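Take a look at the structure below.
In this text, all values refer to a predicted model and were calculated from it rather than measured experimentally. Chain identifiers are assigned alphabetically (A, B, ...) following the order of the sequence lines, protein sequences preceding nucleic acid strands; residue numbering begins at 1 within each chain.
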Amino acid sequence: MTVLDIVKSFELKIRGGKDQLDEEITGGYASDLLSDVIAHSRKGNIWITIQTHPNIVAVATMKELAGIILAGGREPDADTIQKAEEEGIPILISPLFTFELVGKLYQKGISGMSSC
Amino acid sequence: MDKTDHNILFHKMFHIEGGNFTSAGLISDQVKKILKEAGIPKKVIRRASIATFEAEMNVICYATQGDLSLFITPLFLKIVVDDEGHGIPDIHLAMSEGYSTADEKIREWGFGAGMGLPNIRRNTDEMVLTSTFRQGTHLEFVIYLERQETQLPFE
Amino acid sequence: MTLKEVKEILNAEVISGNHDLEKEIKCAFAAELLSDVLALSQEGALLITGFTHPQVVYAADAANLCAVLFVRGRWPNEATQQLAIQKKIPLLSTSYMMFETCGILYEYGLKTCALTVENGQD
């Protein structure tokens, strides 16, 4: 499943990195603590968070994540969008909150135990 | 607010130390206990506890020190917070959801998502915030005791 | 869904509040930012988080949440545990990651509970 597949099936809004949607998703990671994402997420994961500041892009770039979904309808900061464009990290928005969004992604077959 | 209602049944002031994250929540906890003992309705206690927790965190995150006062009257609860610190340069911006000037330390403590002030407003009936940049912030909010029942159908 | 069912489904350990396992959970809220918990969670919610400071218990108590479930094997320190006992807020810990935890509980029919956000400025 690619980032684009998720964008389509969950009707996500795209706020950055729209040319980088064909990456294959290796799993999902949900956390709002950056240190935790740095420690435990895996390459190609789709990251679900409610953090909106530019550091999320830095973390996603460092960990080579497939993209970031902001839950609860959160809009990214302007510098986050700019940074996402520079780094080519998709920033997507879902109106659903983390629990429900993850629940639905899980039902689509995205696992939290990232396969590498 | 009618002047005759300024019949203060209870008043207590709490001191808050800026930057002391490990003590966060202590004051809202004490406020909650006092309100419980005073027989305040549960819904009001929840709103007051949440608003006080956020107000307390604001001082811890952004000020060097502050005082939080709780007033109970027959008709409403009032909480007044005065702090010394860098103040808020743009109050309108600070009131918008998601706006934050928090650094990484504050975020790692679970705050600084830009929800604090909007969250206080959401849980209170009246809220006043004034700030002098580089000096401090004055925040006060009121929760009415009797309007609760009439609000229930809309929840 | 009761806390006991959550415990069984996720193979979770009960840190405190063993006698409260029959408690019914209305809905779930997953977050690690306490201000979001305070802003958006609803009464009676199960909070799913990786955040283990005592402040999580203060926030849960302020918002009248039902219980706190720590993910990825996180275990709170003694201060957090004592506070939870005092506040009668059950604490559980599962070794599943946040993603799996939400996915599994959602699959078992636990509902989300969050207030809708009026997005952005007003």
Does a side-chain N-to-carboxylate-O contact under 4.0 Å join A/Asp36 and C/Arg74? no
Rounded to the nearest 0.5 Å, what's the gap from CG on C/Asp36 to CZ on A/Arg74? Could you check? 4.5 Å
If you define the side chain from C-beta out and look only at heavy atoms, does anything of C/Phe51 sit under 4.5 Å from A/Asp32? no
d(A/Lys104 NZ, C/Cys102 SG) to nearest 0.5 Å is 13.5 Å
Evaluate A/Leu105 against C/Phe99 for side chain to side chain contact (heavy atoms under 4.5 Å, CB included), listing each step before the verdict. CA-CA 9 Å; A/Leu105 288 167; C/Phe99 196 94; 3.9 Å; yes
Evaluate whether atom NZ of C/Lys87 has more than 12 neighbouring non-hydrogen atoms of other residues, nucleotides or ligands under 6.0 angstrom away. yes
Would you indicate whether C/Lys111, at its atom NZ, is surrounded by more than 12 heavy atoms from other residues, nucleotides or ligands within a distance under 6.0 Å? no
Taking CD in A/Glu11 as the centre, count heavy atoms belonging to other residues, nucleotides or ligands within less than 6.0 Å. Is the count above 12? no
Take atom CG in C/Asn77; do more than 12 heavy atoms of anything else shown fall under 6.0 Å from it? yes
Do C/Phe29 and A/Phe99 come within less than 4.5 Å of each other through their side chains, counting heavy atoms only? no
Any side-chain heavy atom of C/Thr112 sitting closer than 4.5 Å to one from A/Leu96? no
Tell me, yes or no, whether the heavy-atom count around C/Glu13 atom CD, taken from other residues, nucleotides or ligands under 6.0 Å, exceeds 12. no
To the nearest 0.5 Å, how far apart are CZ in A/Phe97 and SG in C/Cys27? 12.0 Å
Rounded distance (nearest 0.5 Å) linking atom CG of C/Leu40 with atom OG1 of A/Thr98: 10.0 Å
Stepwise side chain to side chain contact (heavy atoms under 4.5 Å, CB included) check, C/Met98 with A/Ile48: CA-CA 10 Å; C/Met98 168 84 89; A/Ile48 293 87; over 6 Å; no
Relative to chain A, which of C/Gly103, C/Ala30, C/Gly50 shows the most heavy atom pairs under 4.5 Å? C/Gly103
Distance col, row A/Ser31:OG vs C/Met97:CE, nearest 0.5 angstrom, shows 9.0 Å
Is it the case that over 12 heavy atoms from other parts of the model lie below 6.0 angstrom from the NZ atom of A/Lys18? no
So, do C/Glu100 and A/Tyr106 sit near enough that their side-chain heavy atoms are less than 4.5 Å apart? yes
